[in-house]
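One structure below.
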Amino acid sequence: MKLIFIGPPGSGKGTQAKRLASRFGIPHISTGDMLREAVAEGTPLGQQADAIMKSGALVPDDIMIGMIRERLARPDAGKGFILDGFPRTLVQAEKLDALISGNGSEPMRVVRLLVPDEAIVKRIALRRTCAQCGAIYHLENQPPKVDGVCDRCGGELIARPDDTEGAVRKRLESFHRQTAPVADYYKSKSWLKEVDGTGPVDQVFEKIEKSLS
Ligand code: AP5
């Protein structure tokens, strides 16, 4: 299984990718999580990415392609993977194709989550993320058992620094301008499945599973 999730910010890519990864026993590779880790560790990449992410803009393609090339070369990705947040531009999509076909691999499956912009703004405003393990919550739809504390690891739940109104608007704009054409690119290869990402998380998960079967 080589699966790519495409969708606007807050459409549920991370939520659904984590579930599918544990169902199939393959790694969930989130470029957003990898960048946030680099920021937290204060690496040179993290220092460069921090301001870009907070503004809602995209990190340059060459950095992202190098990052994904290294990650896919790790042994755990050999049996499959779920990509969340990559590719986000046509340049990234073409490079990914070259990387995968270089491995002599099969075509990928691509799921696009469809969620209207108004719903996204509400989801992101109430999202909380575990600072320790990255688990995703929503104060209304998926609340933690104890306020502010991660059910899984006991870590602190925080609002992401790029979830400000201005940054979300910019991320949505960049999705429509730069990432929606990536979905069209996969549609032209007949790899794309479009899934309605509205409704409860379990129902969306069922719809994704059905689209993949
Ligand atoms: P990234 O971390 O990838 O952010 P994003 O694409 O904006 O997506 P999000 O993580 O915000 O949302 P999601 O779709 O995963 O939704 P979630 O499951 O959390 O990237 C961050 C930044 O890094 C980018 O802006 C860019 O700067 C940089 N970057 C990353 N990759 C890059 C690349 N390839 N190239 C260049 N730059 C890159 O769900 C959201 C909320 O909704 C949660 O609270 C959740 O509980 C709730 N929810 C989920 N599903 C449902 C449902 N069905 N019903 C109700 N609520 C739901």
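We number each residue from 1, following the sequence as shown.
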Test item: [X] side-chain N/O and [Y] main-chain N/O as donor-acceptor pair under 3.5 Å:
X	Y	result
Arg177	Leu172	no
Arg88	Gly85	yes
Glu194	Arg112	no
Arg123	Ser11	yes
Lys145	Asp151	no
Gln48	Thr43	no
Arg171	Ala57	no
Lys207	Asp196	yes

What closest approach, in Å, do [X] and [Y] show between heavy atoms, and which atom pair accounts for it?
X	Y	value
Met53	Asp162	O-CB, 3.3 Å
Pro27	Ala21	C-CB, 4.3 Å
Leu90	Pro181	CD2-O, 3.8 Å
Cys150	Cys133	SG-SG, 3.8 Å
Pro8	Leu113	CD-O, 3.6 Å
Ser211	Val111	OG-CG2, 4.2 Å

I need the [X] [atom1] to [Y] [atom2] distance, nearest 0.5 Å.
X	Y	atom1	atom2	result
Asp50	Arg36	CG	CZ	11.5 Å
Arg127	Asn141	CZ	CG	12.5 Å
Leu3	Leu83	CG	CG	8.0 Å
Leu58	Lys170	CG	NZ	8.0 Å
Arg71	Ile29	CZ	CD1	4.0 Å
Ile6	Leu192	CD1	CG	6.5 Å

Hey, does [Y] have a side-chain heavy atom less than 4.5 Å from the side chain of [X]?
X	Y	value
Ile100	Leu72	yes
Lys13	Ile82	no
Val149	Glu156	no
Leu212	Arg109	yes
Lys79	Ile26	yes
Leu20	Phe5	yes

>> side-chain contact (heavy atoms from CB on, under 4.5 Å), that's the test. Do Glu41 and Glu37 meet it? Break it down for me.
In response: CA-CA 6 Å; Glu41 286 168 3; Glu37 221 173 278; 4.2 Å; yes
Are [X] and [Y] connected in the hydrophobic side-chain network, where two residues link if heavy atoms are under 4.5 Å apart?
X	Y	answer
Ile52	Val91	yes
Ile63	Val182	yes
Phe205	Val110	no
Val195	Phe175	no
Met108	Phe24	no

> Is the number of heavy atoms from other residues, nucleotides or ligands within 6.0 Å of NZ (Lys187) greater than 12?
Replying inline: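 At most 12 heavy atoms, drawn from other residues, nucleotides or ligands, come within 6.0 Å of this atom.
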> Are there more than 12 heavy atoms of other residues, nucleotides or ligands under 6.0 Å from atom NZ of Lys18?
Replying inline: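 Result for NZ/Lys18: enclosed.
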> Side chains of Asp33 and His28: is there a donor and an acceptor less than 3.5 Å apart?
Replying inline: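 The criterion, which ignores hydrogens and geometry beyond distance, is not satisfied for His28 and Asp33.
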> Any luck finding a side-chain donor-acceptor pair between Tyr185 and Asp97 under 3.5 Å?
Replying inline: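 Their side chains do contain a donor-acceptor pair, which is all the 3.5 Å distance test asks for.
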>> So if I apply the side-chain hydrogen bond (donor to acceptor under 3.5 Å, both in side chains) rule between Gln92 and each of Asp61, Thr179, Thr31, which one comes out positive?
In response: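 Of the listed residues Asp61, Thr179, Thr31, the side-chain hydrogen bond (donor to acceptor under 3.5 Å, both in side chains) partner of Gln92 is Asp61.
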> So does Glu118 pair up with Lys122, basic N to acidic O under 4.0 Å?
Replying inline: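 Judged by the 4.0 Å cut-off on N to carboxylate O distance, Glu118 and Lys122 do not form a salt bridge.
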>> Let's go through Ile124 and Arg160 carefully: what are the C-alpha distance in whole Å and the side-chain angles of both, what is the deciding distance for side-chain contact (heavy atoms from CB on, under 4.5 Å) to 0.1 Å, and is it a yes or a no?
In response: CA-CA 9 Å; Ile124 287 187; Arg160 270 173 38 183; over 6 Å; no
>> Assess the residue pair Leu35 and Leu45 against the criterion (side-chain contact (heavy atoms from CB on, under 4.5 Å)); give the C-alpha distance rounded to whole Å, side-chain angles, the decisive distance to 0.1 Å, and a yes or no.
In response: CA-CA 8 Å; Leu35 288 168; Leu45 163 65; 4.3 Å; yes
> Does Arg128 make a cation-pi contact with Tyr137 (under 6.0 Å, within 45 degrees of the axis)?
Replying inline: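 Checked: cation-pi criterion not met.
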> Does the salt bridge (charged side-chain N to carboxylate O under 4.0 Å, His left out) test come out yes or no for Arg169 and Glu165, once each step is laid out?
Replying inline: CA-CA 6 Å; Arg169 215 176 300 119; Glu165 201 189 324; 2.9 Å; yes
